[in-house]
Amino acid sequence: MLIRSHTCGQLRESHVGQTVRLNGWVNSYRDHGGLIFIDLRDRFGLTQIVFDRESGLAADMMASADKLRNEDVIAVEGAVRIRVGGENPKLDTGKVEVVVVALEILNKTDNPPFLPDDLGKLPNEELRLTHRYIDLRRPSMQRILALRHKVYQTTRRYFDENGFLEVETPILYKSTPEGAREFLVPNRHVPGSFYALPQSPQLFKQILMVAGCDRYMQICRCFRDEDPRADRQAEFTQIDLEMSFVRRDQVMATMEGFVRRLWKDVADVDVPPLQRMTYRRAMEDYGIDRPDTRYDLKIKDLSAFAAKMDFAIFKSALEKGKDRPAYNSKKGVVKALRVPGGAEKLTRKITDGYTDFVKTFGAGGVAVVKVIKGEDGQPKLDTGIAKFLEPLKAEFLALLGCQIGDTVLFVADVYAIATKAIGELRQKVARDMGLVPKPGAEGGPWNFLWVVDFPMFERNKETGKWVAMHHPFTSPNDDQMQAFLDADMDDEVTIEGIVSAGYDVVLNGQEIAGGSVRIHDRAVQSKVFALLGMTPEQAKEKFSFLLEALSYGAPPHAGVAFGLDRLIMNFAGTDNIRDVIAFPKTQTGADLMTRAPSPVPENQLRDVHIRSIAPAP
RNA sequence: GGGGCGGUAGCUCAAUUGGUUAGAGUACCGGACUGUCGAUCCGGUGGUUGCGGGUUCGAGUCCCGUCCGCCUCGCCA
């Protein structure tokens, strides 16, 4: 075989006169009869090679060259020269070409189902995933693979420099069915017993702290058997960290340093210091715990104002849970979103659509009013609920700081639903108003933000039980610890008010990292388990190893996990998580290339003491 | 589990809102061509309209079921 001397992205004017050998795929061919041009492709680029009947190429090789087609794999030998037909500025190698004197066909291809170029429309994703080995040849996909590699390398370098040890943790793990649904793996030796694949290495990394590792990191695979989304996959990758003898601020500083290094290395962007926002502020102003601050729309609570209105829909919403304390999920509220310039851009058709939109989050609808210019030149309320606002017009305009040309959107419901609905609506309105900047060539703008002071606990919507907002190993914040230990477990208002030592990094409305200071005291951990409704026996059955570890000299520790796939999505400028995973799965968990999952022979099931109750296909 | 969109030639799409033999570009096959660069020109092959029923004189088009993919709500400690 003609082993390559250079890659297809390498040759320049300085190589002119040299005899070189290239290997690669036929990216395109231009056949002029006695003269054939081929763009040869590998991961590193494209090089034009020329077959010329009049340049001494053997007749049989010329005949072979005539048969070359896209995606054939070949090796050639020839001399580098300045292009006779002039430069092609689109190629890095565009000043030169290789005049072939020897051709070796390494592998003829069948006619491929699609070509891996970035011209024109992509074939449908089903086909791309089925023939992933072709799809990944596409330069845009190669670029993402390289980006991902770069992130791995920068990550390992940064944490190594900061004293972290990379430690692998088990994939076959104990089932702890509190959080996401788990993937189960039967054990052959103990009939009826199962491992679970880890939702995250959470407890192992805490135990590594107890074990004296001091600082741990791992780029690890996590598994959650929940329905995927465009930015979510059942099998995904985290950059997982844990640190000993630190409090919240030390971890946050380490994370911020990492973010800064990563963006510098990968995108050559200098990230300014991150602002902090409390969870409460985020929910109040943005209706979501991961605000997108790239645009300046803010939500305002108008409950007190709305109570003065003679408008039945608001009144009945405010009646709900009216004896509950503020921010209680079941307390009725009225939320408003002022949209500058909305009076013109948000047509009746669009605002009508908002009602359907908020219904998907359980809200009843959206009330609308426009602020237009009256005959006297002053602001005038128009359409929708204008007549109900008219008696309180001055107060309304002042409360929201309305200008002529604004539209104001209202959602009235219990706190949990109204907040979620108007928070989602805010993001939709921003898209409709064209306020969301399109990522430029460098990906940005990059709006980072810390969100802190999350509640420790929230009520499960269906069961009404307390559940941990982050996870059950999250510590109350330092200034809350005594209040938590003293708290009566039946005192709903106090429990609800306990703030955890958790922290999230939010980027452009996306959670890219989350972590917390952990509980390192057995008594605190036991109280959390009890609050979550676990008896001491249940806690012991599920987490005895953790409770024991906490009893044998556990250092204060804290940690975090970054969603690696989402980081790459940002750098790659894609909103499809499958683009950043080499071999992703579909929405039903299928790998279309390997055809996993698949049935297994009966005897294989018997070995692991499993009988399938699935109906025969 | 719920809602929405989609599936027509290898690929990307069209097909007058139920009406003749389902078309175009590209790929592929054959031919021409010595300076192209998404080469060009000429000719050709290629279809179980995802699958199964139904309505109708007639179904790519309407109805029912089903499979697959995507988006989404729930879910994701």
Side-chain angles (χ1 to χ4, degrees), chain A residues 27-39 46-55 62 66-67 69-71 83-91 93-94 97 99 109-131 134 176-182 199-200 202-203 222-234 236 356-363 420-421 424 456-458 460-462 465-474 500 502 511 514 516 528-529 532 534 542-543 563 575-576 578 585-588 590 592 617:
Chain A
N27 191 68
S28 61
Y29 61 94
R30 297 174 288 280
D31 185 347
H32 292 235
L35 182 70
I36 300 169
F37 300 96
I38 282 179
D39 290 342
L46 291 174
T47 301
Q48 172 162 288
I49 61 177
V50 186
F51 296 85
D52 188 343
R53 192 160 42 200
E54 293 171 5
S55 73
M62 193 66 201
D66 190 50
K67 298 287 180 209
R69 292 295 178 267
N70 294 332
E71 301 309 308
R83 284 190 182 219
V84 174
E87 178 181 354
N88 180 355
K90 292 181 192 165
L91 302 183
T93 62
E97 62 189 7
V99 193
T109 178
D110 289 345
N111 186 22
F114 58 91
L115 294 178
D117 61 41
D118 288 308
L119 311 160
K121 267 195 86 172
L122 290 170
N124 80 55
E125 203 168 358
E126 202 171 342
L127 196 73
R128 294 176 59 197
L129 294 175
T130 304
H131 303 278
I134 299 174
T176 55
E178 267 68 40
R181 187 181 301 113
E182 298 173 319
Q199 300 172 36
S200 83
Q202 180 60 35
L203 293 177
C222 303
F223 305 87
R224 295 180 189 170
D225 188 7
E226 301 289 352
D227 287 353
R229 289 287 183 279
D231 62 351
R232 219 167 74 189
Q233 185 89 168
F236 64 101
D356 289 334
F357 179 74
V358 299
K359 277 180 180 169
T360 64
F361 306 103
K420 165 109 183 168
E424 297 288 342
M456 284 277 287
F457 305 100
E458 59 186 343
N460 178 289
K461 284 188 201 74
E462 277 126 45
K465 287 183 177 172
W466 289 116
V467 292
M469 184 166 237
H470 185 48
H471 57 53
F473 320 108
T474 300
S500 81
E511 181 195 328
S516 61
V528 170
F529 285 154
L532 298 178
M534 264 185 254
K542 287 173 184 160
F543 300 114
D575 50 13
N576 178 352
R578 295 175 299 280
K585 292 182 172 58
T586 69
Q587 221 160 97
T588 55
L592 297 178

Novice: Output yes when at least one side-chain N/O atom of Arg229(A) is less than 4.0 Å from OP1 or OP2 of C73(B), else no.
Specialist: yes
Novice: Distance check, C1' atoms only: U49(B) and U12(B), in whole angstrom units.
Specialist: 16 Å
Novice: Check whether any side-chain N or O of Arg181(A) sits under 3.5 Å from a backbone N or O of Asp225(A) as a donor-acceptor pair, and report yes or no.
Specialist: yes
Novice: For G69(B), take OP1 and OP2 only and decide whether either is under 4.0 Å from a side-chain N or O of Lys585(A).
Specialist: no
Novice: Distance check: side-chain N/O of Lys90(A) vs OP1/OP2 of G38(B), anything under 4.0 Å?
Specialist: yes
Novice: Mind checking if Arg128(A) touches a base, just sugar-phosphate, or nothing, with heavy atoms under 4.0 Å?
Specialist: nothing
Novice: Side chains of Gln48(A) and Arg30(A): do they bring a donor and an acceptor to under 3.5 Å?
Specialist: yes
Novice: Taking all atoms of both residues into account, what is the closest heavy-atom pair of Ser500(A) and Met456(A), and its distance?
Specialist: CB-SD, 3.4 Å
Novice: Can you tell which of C29(B), U36(B), A77(B) lies closest to the side chain of Gln48(A)?
Specialist: U36(B)
Novice: When the P atoms of C68(B) and C75(B) are compared, how many Å lie between them, rounded to an integer?
Specialist: 25 Å
Novice: Could you check whether the side chain of Asp227(A) and the base of G74(B) have a donor-acceptor pair of N or O atoms closer than 3.5 Å, going by distance alone?
Specialist: yes
Novice: Quick one: is U36(B) close enough that its OP1 or OP2 comes under 4.0 Å of any side-chain N or O from Arg30(A)?
Specialist: no
Novice: Can you measure Leu119(A) atom CG to U26(B) atom P for me and round it to whole angstrom units?
Specialist: 14 Å
Novice: With a cut-off of less than 4.0 Å, is there a side-chain N or O of Thr586(A) near OP1 or OP2 of G69(B)?
Specialist: yes
Novice: Can you check whether Phe473(A) and Phe543(A) have ring centres sitting under 6.0 Å from each other?
Specialist: yes
Novice: 5'-most contact on RNA chain B: Asp575(A) or Phe37(A), nearest heavy atom basis?
Specialist: Phe37(A)
Novice: Choosing from A39(B), C71(B), G30(B), which nucleotide comes nearest the side chain of His32(A)?
Specialist: A39(B)
Novice: I'd like the C1' distance from C41(B) over to U21(B), given in whole Å.
Specialist: 29 Å
Novice: Between Tyr29(A) and U40(B), is there a side-chain N or O to OP1/OP2 distance below 4.0 Å?
Specialist: no
Novice: Taking only side-chain N and O atoms of Arg578(A), does any of them lie within less than 4.0 angstrom of OP1 or OP2 on G69(B)?
Specialist: no
Novice: Can a side-chain donor-acceptor contact be found between Asn27(A) and Glu71(A) if the only test is distance below 3.5 angstrom?
Specialist: no
Novice: Check the phosphate of C37(B) against Ser28(A), side-chain N and O only, distance under 4.0 Å to OP1 or OP2. Yes or no?
Specialist: no
Novice: In whole Å, measure the gap between the P atoms of U17(B) and A32(B) for me.
Specialist: 47 Å
Novice: Assign Asp31(A) to base, sugar-phosphate, or nothing according to its heavy-atom contacts below 4.0 angstrom with the strands shown.
Specialist: base
Novice: So Glu97(A), base contact, sugar-phosphate only, or nothing? Heavy-atom distance under 4.0 Å.
Specialist: base
Novice: With rounding to the closest Å, how many angstrom separate the P atoms on A59(B) and A14(B)?
Specialist: 23 Å
Novice: To the nearest angstrom, how far is His471(A) atom NE2 from A77(B) atom P?
Specialist: 10 Å
Novice: What integer distance in Å separates Gln233(A):CD from C71(B):P?
Specialist: 10 Å
Novice: Is U55(B) syn or anti, taking syn as a glycosidic angle within 90° of 0?
Specialist: anti
Novice: Can a donor-acceptor pair be found, under 3.5 Å and without considering hydrogens, that links the side chain of Thr93(A) to the backbone of Leu46(A)?
Specialist: yes
Novice: At less than 3.5 Å, do the side-chain atoms of Gln587(A) and the base atoms of C71(B) form a donor-acceptor pair?
Specialist: yes
Novice: Lys465(A) near the nucleic acid: base, sugar-phosphate alone, or nothing, with a heavy-atom cut-off under 4.0 Å?
Specialist: nothing
Novice: Distance check needed: C71(B) P versus Phe357(A) CZ, whole Å only.
Specialist: 16 Å
Novice: Among the nucleotides G35(B), U34(B), C76(B), which one has an atom lying closest to any side-chain atom of Arg224(A)?
Specialist: C76(B)
Novice: Is any side-chain N or O of Arg232(A) closer than 4.0 Å to OP1 or OP2 of C73(B)?
Specialist: no
Novice: Could you give the distance separating A22(B) and G50(B) at their P atoms, to the nearest angstrom?
Specialist: 15 Å
Novice: Rounded to whole angstrom, note down the P distance from A39(B) over to C29(B).
Specialist: 15 Å
Novice: Thr588(A) near the nucleic acid: base, sugar-phosphate alone, or nothing, with a heavy-atom cut-off under 4.0 Å?
Specialist: sugar-phosphate
Novice: Please state the C1' separation for the pair G7(B) and G44(B) - nearest whole angstrom.
Specialist: 29 Å
Novice: Looking at every strand, decide which applies to Lys420(A) at a 4.0 Å heavy-atom threshold: base, sugar-phosphate, or nothing.
Specialist: sugar-phosphate
Novice: Can you see which heavy atom on Ile134(A) is nearest to which on Pro116(A), and at what distance?
Specialist: O-CB, 3.2 Å
Novice: Scan nucleotides 4-12 of chain B nucleotide by nucleotide, 5' to 3', and note B when protein non-hydrogen atoms come under 4.0 Å of the base, S if they reach only the sugar-phosphate, - if neither.
Specialist: ------SSS
Novice: So Gly86(A), base contact, sugar-phosphate only, or nothing? Heavy-atom distance under 4.0 Å.
Specialist: base
